[in-house]
Amino acid sequence: MKKYWFIIKTEIMSNLQYRFDVIFGFVSYFILLFILFNLWRYLYSDTSGLINGYSMSQMMWYVVMTEILWMTLGGRKFNTKICNDVKTGNITYNINKPYSYIGYSLSMHLGDILVKGVLYVLIGMLIGFIFLGHFPSLSIIEIIVVIIASLLATIISIFIIMALGLISFFIEDATPFYWVYSKLILILGTIFPIEYFPTVLQKVLNFSPIYVVSYGPAKLFVDFSWDKAITIIGAQLIYLVITYGICKLIYQKGVKRISVNGG
Amino acid sequence: MAVIEVKGLSKTFKVKLKDKGFKGSLKAMVKPKYKTVNAVRDISFTVDKGEIIAFIGPNGAGKSTTIKMMTSILFPDKGSIKILDFDPKKDRKKLSYEIGTVFGQKEQLWTHLTPYDNFKFFGAIYDIPEKAVEKKIDELKMLFELDEFINTPVRNLSLGQRIRCEIVASLIHNPKILFLDEPTIGLDPVVKENIRSLIKRMNKEYKTTIFLTSHDVGDIEKLCKRVIIINNGQIVLDDSMDNLKYHYLNKKIVEAKMKERVNLDDEDGITILKDKGYNLKIEVDTTKRSVADAIKLLNPDNIIDINISNIPLEDIISSIYQNKDQL
């Protein structure tokens, strides 16, 4: 484990000098929140009313949270990196090193996004506070649970995107898989909570990755209960094992195919 | 003591075939056709501890495939490999602690970080205690003369400086065998020479066995005592550098500038390489004919200028690439 922590630390060091992309990210984050906040203001003509169990401020904080998770993730960059690692054969140079490629890529990406994540949290909270004048009422221990759920959500997302990238072992261009995934998350996972969708779709979404990577942490942030916390973190742990297992399986099958591509 | 033992190693690849044009692409999608390529065919060799061995061959000869099988990147189809008593196929992780690899065309350093931070990173990857890493960095810093730029980000280093750091990074965990794949590619002659002498020094200091591939004859000539030449997946020569040179040193190139035209034909032991009337270039096989004999044929009184030289190693190797029967 120590070596993976070192990879995270090294990647943070390596990235501290290049933060222009973060600044551009902040601008689009701000614009997005601004548009959505205005949309909710329009929908909630009666600001004290509830729609599908959410008040206007809960909806706004929900979006702040899901967008923090999504913007921090930097999924496209990570997916492109994994696809390129496979396509260019770079992945082979990791095979004879004493670490696992999955652990290495996960640590690298966590190191890449950790500082960015902290900045997004600060900015998201600031924007939310300016617009709404208050924070969701959470105790310290509840905040810690939300942070844990957010970290788990990020790690699961990284595994999913890694698995989508590792498909490059088998087909020429695996980027469309990520494109579809990102659009699904955007439509079904970031703007509206699951309760906003038709009952049939809700049942599907409750078992989908959206529940653990996006809805879960945001729901806990705006409407915390210990029951939900246990269900959500439980589901996340199951997803963590499954997504890691899938990555490992694809990687092991794929690495054997490298021999087909030759030296 | 042999640290590398390769026996009857073979590897084939299936390569997809496609007819030309759009129709061909469609056909390949529905019913793909494959061709089998024998990348490595039944090769065997051993390498002793502390040896610097050149493993050379033209592009596509099977060098890379062999190295990748030895470093557990590819699985062989047939045959066995033993690296320090490990089987690369089964003991991948254990083996990785014992070997180092440098690929001249592939960066393994983090370009935004300084060499020092990179070395610390590699130390952590190989589970080396922090103090031991620092000691090793100090030691290698002296040996490879890195003092000037050890705290400059890698992206700001020259290619020669970067290669030196790449080699040091691969030595942090004290590997017993170092695989160097074209370490001097793209370097200017002075830097090349410098890298070579550093590799030699390292081999002497740590007794590291070095398995080198290169297209640069200078690397091979200056560093290696033994050379294995591979072509079309088979070993065509496995001999000491001295023997290789000795065999070909029997042949001399005589270049002469003449006062008058000489009409000379190929004879036993003499091959005419170039004949421009007043300028002649001939190859003399000294096992059949002495150089003095050849000069007599030219008529010494007729010679304005003469130059007698050995066949360059580069030519020797390319002739072996082209036709192993010439040996």
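Note on naming: letters A, B, ... go to the chains in the order of the sequence lines (proteins, then strands), and numbering restarts at 1 for each one. This one's a predicted model, so the numbers in the text were calculated from it and none came from an experiment.
- Atom CZ of residue B:Phe122 and atom NZ of residue A:Lys3 lie 12.5 Å apart, to the nearest 0.5 angstrom.
- Rounded to the nearest 0.5 angstrom, A:Ile95 CD1 and B:Lys93 NZ are separated by 14.5 Å.
- In terms of heavy-atom pairs under 4.5 Å with chain A, the best-connected choice from B:Ile73, B:Asp77, B:Asp117 is B:Ile73.
- Few gaps surround CZ on A:Phe170; more than 12 heavy atoms of other groups in view lie less than 6.0 Å from it.
- Proximity to chain A (any heavy atom under 4.5 Å) is shown, for B:Lys120, by both the backbone and the side chain.
- Counting heavy-atom neighbours within 6.0 Å of A:Lys183 NZ, excluding the residue itself, gives a total above 12.
- B:Trp110 places a side-chain heavy atom less than 4.5 Å from the side chain of A:Thr10.
- The neighbour count for A:Ile171 CD1, taken as heavy atoms of other residues, nucleotides or ligands under 6.0 Å away, is above 12.
- With a 4.5 Å cut-off on non-hydrogen atoms, A:Tyr104 touches chain B through its side chain but not through its backbone.
- Around atom CG of B:Asp127, more than 12 heavy atoms belonging to other residues, nucleotides or ligands sit under 6.0 Å away.
- In this structure, the side chains of A:Lys97 and B:Tyr126 come closer than 4.5 Å at one or more pairs of heavy atoms.
- Applying the 6.0 Å contact sphere to NZ of B:Lys94 captures no more than 12 heavy atoms from other residues, nucleotides or ligands.
- Residue contact with chain A, scored on non-hydrogen atoms closer than 4.5 Å, involves the side chain of B:Thr101 exclusively.
- Contact annotation for B:Tyr97: only side-chain heavy atoms (C-beta onward) come within less than 4.5 Å of a heavy atom of chain A.
- Across every non-hydrogen atom of B:Ile125 and A:Pro98, the tightest pair is O-CG, 3.6 Å.
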